[in-house]
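Report on one structure; see the data block that follows.
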Amino acid sequence: AQTVTQSQPEMSVQEAETVTLSCTYDTSESDYYLFWYKQPPSRQMILVIRQEAYKQQNATENRFSVNFQKAAKSFSLKISDSQLGDAAMYFCAYYEGSGDKLTFGTGTRLAVRP
Amino acid sequence: DAGVIQSPRHEVTEMGQEVTLRCKPISGHDYLFWYRQTMMRGLELLIYFNNNVPIDDSGMPEDRFSAKMPNASFSTLKIQPSEPRDSAVYFCAGGTGISEAFFGQGTRLTVV
């Protein structure tokens, strides 16, 4: 079974600085998708960024980028120029793409210091 | 601990039938969330409970959807009557509110 591990329960970053959230996963598949979701206090899950495993290029969305290391099964999220609004829980998720469900990590709580 | 347990893992039902999804959270977690995952809308929060009390059900799409948490160890999400557009994966998640959240493996619902 696939597993997703987020080893950092909490992280803190100074406003305007850069922070990296870690995620590792375990799978025997070669084709899959990886996601980072943001969960603000409203509890909604907001898709931040996605990565297709067959793509070698790391995905980027404005201030958010990933470091995808397929061989190491690592998928970290980098937030540049952190803003107060970035404070939230962040979940890493895995999706096999064959109709299976998302598998989530346990989340990392990010605090942004003004 | 076995983690958050959802049942059934898969459910196929006919339009108009009642569907009940079940969730057993991890002991000690006082928050429980129900999410729905679809290709069109991604992940949507349907409702969440704190200490068995519904806090925010604004995400519940229609009156056909209802959720209960009769005790700290059990929650249900009911759809009556079900419609094909309800087909989705439904996730239950639990946590202590400010720390990690633990997701169940989801229930894949197909309404035909």
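Quick note on labels: first sequence line is chain A, next is B, and so on, each numbered from 1.
- When heavy atoms are compared at a cutoff of 4.5 Å, A:Tyr37 approaches chain B solely by way of its side chain, counted from C-beta outward.
- Using cut-offs of 30° and 60° on the angle between ring planes, the pair B:Phe103 and A:Phe104 is parallel.
- Summarising the local packing, NZ of A:Lys70 is surrounded by more than 12 heavy atoms from other residues, nucleotides or ligands at distances under 6.0 Å.
- Chain A is approached within less than 4.5 Å, heavy atom to heavy atom, by B:Glu44, B:Leu45, B:Tyr48 from residues 44-74 of chain B, ordered by number.
- One hydrophobic cluster holds both A:Phe68 and A:Val4 under the rule that ILVMFWY side chains link at heavy-atom gaps under 4.5 Å.
- Inter-residue side-chain proximity for A:Tyr95 and B:Gln37 is flagged as met; some heavy-atom pair is nearer than 4.5 Å.
- Distance check, rounded to the nearest 0.5 Å: CZ of B:Phe91 to CE of A:Met45 gives 9.0 Å.
- One hydrophobic cluster holds both A:Leu47 and B:Tyr35 under the rule that ILVMFWY side chains link at heavy-atom gaps under 4.5 Å.
- B:Leu32 and B:Ile26 fall into different hydrophobic clusters, defined by Ile, Leu, Val, Met, Phe, Trp and Tyr side-chain heavy atoms under 4.5 Å apart, directly or through other members.
- Following chains of ILVMFWY side-chain contacts shorter than 4.5 Å, one can reach B:Phe33 starting from A:Phe35, so the two form part of one hydrophobic cluster.
- By the rule that hydrophobic residues join a cluster once side-chain heavy atoms approach within less than 4.5 Å of another member, A:Leu84 and A:Val13 end up as members of one cluster.
- Scanning for side-chain hydrogen bond (donor to acceptor under 3.5 Å, both in side chains) contacts around B:Ser82 gives an empty result, with sequence neighbours left out.
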